[in-house]
Protein chains: 2
Amino acid sequence: MYTKNINTHLTEIKDYFKAAISIDCVIFGFDEDELKVLLIESDLKEFKGKWSLLGDIVHPDEDLETAAYRVLRERTGLEDVYMEQVQAFGGLNRHPAGRVITIAYYSLVNIQHVELKTHSNELHWHAVKDIKHMAFDHKDILATCYQRLQHKVIEQPVGFNLLPKKFSLRELQNLYEAILDVKLDRRNFRKKFFAMDYLIDLNEEEQEVRHRPAKLYGFNQDKYNQQHKKSLGF
Amino acid sequence: MYTKNINTHLTEIKDYFKAAISIDCVIFGFDEDELKVLLIESDLKEFKGKWSLLGDIVHPDEDLETAAYRVLRERTGLEDVYMEQVQAFGGLNRHPAGRVITIAYYSLVNIQHVELKTHSNELHWHAVKDIKHMAFDHKDILATCYQRLQHKVIEQPVGFNLLPKKFSLRELQNLYEAILDVKLDRRNFRKKFFAMDYLIDLNEEEQEVRHRPAKLYGFNQDKYNQQHKKSLGF
DNA sequence: ACAAAAGTGTTCAGTTTACACCCATGT
DNA sequence: ACATGGGTGTAAACTGAACACTTTTGT
């Protein structure tokens with residue numbers, strides 16, 4: 001039955017094994033100086049009370065990324081956010097309902113922009129570092145996505161997606177410290193980001209702080225995109 | 001029909017959309033100072049004469065990695081080789097036979113160890129840089145896997161998997177130059193690898209060269225694994 | 001005046017780059 | 001002896017890490 005090769009002889013798939021395909025979104029946010037992830041309480045009897053990622057079956061007329069954006073939209077109302085596919089998870093018994101292969105995505109959202117759609121109690125932001133157990137293999141998926149994010153954030157300035165449009169350098173540093181789980185030197189951190197030259201000085205200051213207010217900056221996404229496009233092109 | 005969430009309410013998948021799942025292997029080898037990839041000629045009418053990756057449907061009782069190793073074994077006879085999952089490709093019309101979602105893996109093999117199983121003409125090694133067109137979306141898949149390899153090889157010494165057990169530093173350098181598509185300085189290259197301290201001096205020399213013979217080295221995989229385990233543990 | 005966090009430069013160490021000559025072998 | 005690639009060291013430039021005091025605001 002499986003002697004034919006998917007890339008050569010196979011012209012009909014109807015007689016072949018098929019599995020349900022889902023996507024799972026690891027939706028990261030940043031709040032209270034902590035990296036958070038949006039989870040939903042599972043009510044499958046096997047995982048009663050455990051938290052799970054937000055995911056869904058991929059529809060027949062959807063590609064994977066479309067499905068991931070759909071889930072994100074349905075759960076957070078957000079459309080244009082940073083998202084990256086991480087990898088597939090296809091363990092034999094990862095879903096009690098049968099063979100379900102899932103493709104994991106992570107996305108970076110401004111947590112202030114998220115209005116949890118259903119005002120139910122089932123959706124919650126959790127500090128990544130405090131999560132102990134999860135439903136399915138979601139702890140693995142989260143760990144893999146978190147590692148990927150850590151890796152990404154030191155190579156490219158994607159962290160801005162987790163911050164408000166206007167932010168102080170202290171907030172930016174707190175973000176990096178939270179994601180990478182390290183302490184960074186304030187002067188070196190500032191030096192580095194000013195040198196990268198993607199920060200826009202907004203000539204504004206923090207309000208309502210009971211100490212010297214910090215200056216606010218924005219991220220020059222266009223400038224970053226252009227400079228990065230150049231280096232890809234060649 | 002799709003109102004239920006895969007991670008919460010769903011207890012039966014039988015009524016849901018399912019797709020065929022395949023894996024595709026990008027099998028890299030190194031020969032004649034070029035990075036090669038093992039391809040098969042597709043005889044699907046849509047891709048007549050085009051080359052495709054080696055892939056197959058994932059079986060019901062196999063996880064993804066098992067399927068990938070099976071394909072590798074069936075096509076090359078090799079068992080213990082370096083392999084890494086890259087990502088899933090799930091475009092709507094990527095396979096003419098229907099919805100097929102594929103998970104891409106790349107592996108690094110010693111090209112000398114590969115005895116092409118079927119001594120047919122359908123399987124061939126191709127220089128990666130010369131490949132123009134491929135069947136399906138395999139050009140995309142190859143490009144993505146190649147980029148991943150380029151990235152990986154500057155972070156971790158996985159390149160050794162493409163070389164024979166005994167190799168000269170020139171061969172090693174040629175490998176890196178081929179993968180990264182750059183010219184490297186010979187002295188700096190040597191300095192760097194000796195400093196990493198994973199090379200074993202075999203006290204042997206090249207034979208049958210018509211110039212000064214190069215010394216041969218081996219890669220100390222155990223030492224690398226141990227030192228790398230440490231840094232993960234903390 | 002005090003508390004609390006913002007802002008700012010310099011030095012040192014380690015790493016990366018650039019670069020040219022002699023050596024061992026086969027013909 | 002010559003052609004071919006093997007093998008080697010040093011100086012300059014750059015990058016990353018360590019480190020302490022002054023400034024601004026609110027109370």
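Note that the structure is a prediction, hence the values are computed from the model and not measured.
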Trainee: First and last nucleotide of DNA chain D touching chain B, 5' to 3', heavy-atom cut-off 4.0 Å?
Mentor: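 First and last nucleotides in contact are D:dT4 to D:dT10.
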Trainee: Near DNA chain D, counting only heavy atoms under 4.0 Å, which residues of residues 172-187 of chain B show up?
Mentor: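 Close to the strand are B:Arg186, B:Arg187.
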Trainee: Listing request: all side chain to side chain donor-acceptor pair (under 3.5 Å) pairs with a residue in residues 205-215 of chain B, at least two apart in sequence or in separate chains.
Mentor: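 Residue pairs passing side chain to side chain donor-acceptor pair (under 3.5 Å), neighbours aside: B:Asp201-B:Lys215.
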Trainee: Relative to the ring of B:Phe193, is the ring of B:Phe160 parallel (under 30°), tilted (30 to 60°) or perpendicular (over 60°)?
Mentor: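 Because their plane-to-plane angle is over 60°, the rings of B:Phe160 and B:Phe193 count as perpendicular.
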Trainee: Tell me, please, which residues at least two apart from A:Arg94 pass side chain to side chain contact (heavy atoms under 4.5 Å, CB included).
Mentor: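 Scan of A:Arg94 (side chain to side chain contact (heavy atoms under 4.5 Å, CB included), adjacent residues dropped) gives A:Asp24, A:Phe89, A:Val100, A:Thr102, A:Asp137, A:His138, A:Ile141.
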Trainee: Main chain of B:Leu162, side chain of B:Tyr82: is a donor-acceptor contact present, judged purely on distance under 3.5 Å?
Mentor: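 Looks like no, no N/O pair under 3.5 Å.
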Trainee: Round to a whole Å and report the spacing from CD1 of B:Ile154 to P of C:dT16.
Mentor: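 Checked: the CD1 to P distance equals 12 Å.
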Trainee: Answer with yes or no after comparing the ring centroid distance for B:Tyr217 and B:Phe194 against a 6.0 Å cut-off, counting only values under it.
Mentor: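 Centroid distance B:Tyr217-B:Phe194: below 6.0 Å, so yes.
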Trainee: Roughly, in whole Å, what's the span from NZ in B:Lys191 to C1' in C:dT17?
Mentor: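 These atoms are roughly 8 Å apart.
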Trainee: Show your reasoning for whether side-chain hydrogen bond (donor to acceptor under 3.5 Å, both in side chains) applies to B:Asn225 and B:Gln221.
Mentor: CA-CA 6 Å; B:Asn225 289 342; B:Gln221 182 77 53; 3.2 Å; yes
Trainee: Can you list the residues that meet the side chain to side chain contact (heavy atoms under 4.5 Å, CB included) rule with A:Glu177, with sequence neighbours excluded?
Mentor: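 So A:Glu177 forms a side chain to side chain contact (heavy atoms under 4.5 Å, CB included) with A:Gln173, A:Asn174, A:Lys183, A:Leu184.
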Trainee: Is any side-chain heavy atom of A:Tyr106 less than 4.5 Å from a side-chain heavy atom of A:Gln85?
Mentor: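 In short, these two side chains do not touch, never coming nearer than 4.5 Å.
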Trainee: Where does the angle between the aromatic ring planes of A:His124 and A:Trp51 fall among parallel (under 30°), tilted (30 to 60°) and perpendicular (over 60°)?
Mentor: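 Rings of A:His124 and A:Trp51: perpendicular, as their planes differ by over 60°.
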Trainee: What's the CZ-C1' distance between B:Arg190 and C:dT16, to the nearest Å?
Mentor: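 Rounding to the nearest Å, CZ of B:Arg190 and C1' of C:dT16 are 18 Å apart.
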Trainee: Has A:Arg170 got a side-chain N or O lying under 4.0 Å from the OP1 or OP2 atom of C:dA5?
Mentor: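 The answer is no; no side-chain N or O of A:Arg170 sits under 4.0 Å from OP1 or OP2.
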Trainee: Going by number, which of residues 200-219 of chain B have a non-hydrogen atom under 4.0 Å from DNA chain C?
Mentor: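 Contacting residues: B:Val209, B:Arg210, B:His211, B:Arg212, B:Pro213.
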Trainee: Would you indicate whether B:Lys152, at its atom NZ, is surrounded by more than 12 heavy atoms from other residues, nucleotides or ligands within a distance under 6.0 Å?
Mentor: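 Yes, enclosed.
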